[in-house]
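This report refers to the structure that appears directly beneath it.
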Amino acid sequence: MSIFTNPTTESLNNFVVSIFKNCFVIGSVVSLIFAVVVIRQIATMKRTIKTSFSPVVQILGYLHLAISILVFFLFLLWL
């Protein structure tokens, strides 16, 4: 019997699926970091420019952050 055995289809499929899942988790982490950066940029914008549209942008920013956190935890549960 050789040290190197041929991988079975099932083990190869599990490997590909685990790489795929890990890519989704890494992507959701990048999205989460982006959402935090967006919140910081909105805060800077509100200090610099005062408009009537600023609260709407801030609400949308926090909504984006909440969805990013939810997606991150869903991908962690899926993993």
Going by atom type alone, with no hydrogens or angles, which donor-acceptor pairs under 3.5 Å involve a side-chain atom of residues 12-27 and a protein atom two or more places apart or on another chain?
from, atom 1, to, atom 2, distance (Å)
Asn13, ND2, Thr9, O, 3.4
Asn14, ND2, Glu10, O, 3.4
Ser18, OG, Asn14, O, 3.3
Ser18, OG, Phe15, O, 2.8
Asn22, ND2, Ser18, O, 3.1

Check: Ser28/Ser31 side-chain N/O donor and acceptor closer than 3.5 Å: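 No, Ser31 and Ser28 have no side-chain donor paired with an acceptor closer than 3.5 Å.
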Spacing of Ile59 atom CD1 and His64 atom NE2 [to the nearest 0.5 Å]: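 Atom-to-atom, Ile59:CD1 and His64:NE2 are 16.0 Å apart.
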Is there a path of hydrophobic side-chain contacts, each under 4.5 Å between heavy atoms of I, L, V, M, F, W or Y residues, that connects [X] with [Y]?
X     : Y     : answer
Phe34 : Leu60 : yes
Val38 : Val56 : yes
Ile39 : Ile33 : yes
Ile49 : Phe53 : no
Val36 : Tyr62 : yes

Quiz: residues 71-79 side-chain donor-acceptor pairs under 3.5 angstrom, not counting sequence neighbours:
none

Side-chain donor or acceptor of Ser54 paired with backbone N/O of Lys50 under 3.5 Å: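 Answer holds: no.
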Heavy-atom pair with the smallest gap, counting every atom of Gly61 and Ile42: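 Of all heavy-atom pairs spanning Gly61 and Ile42, the closest is CA-CD1, 3.8 Å.
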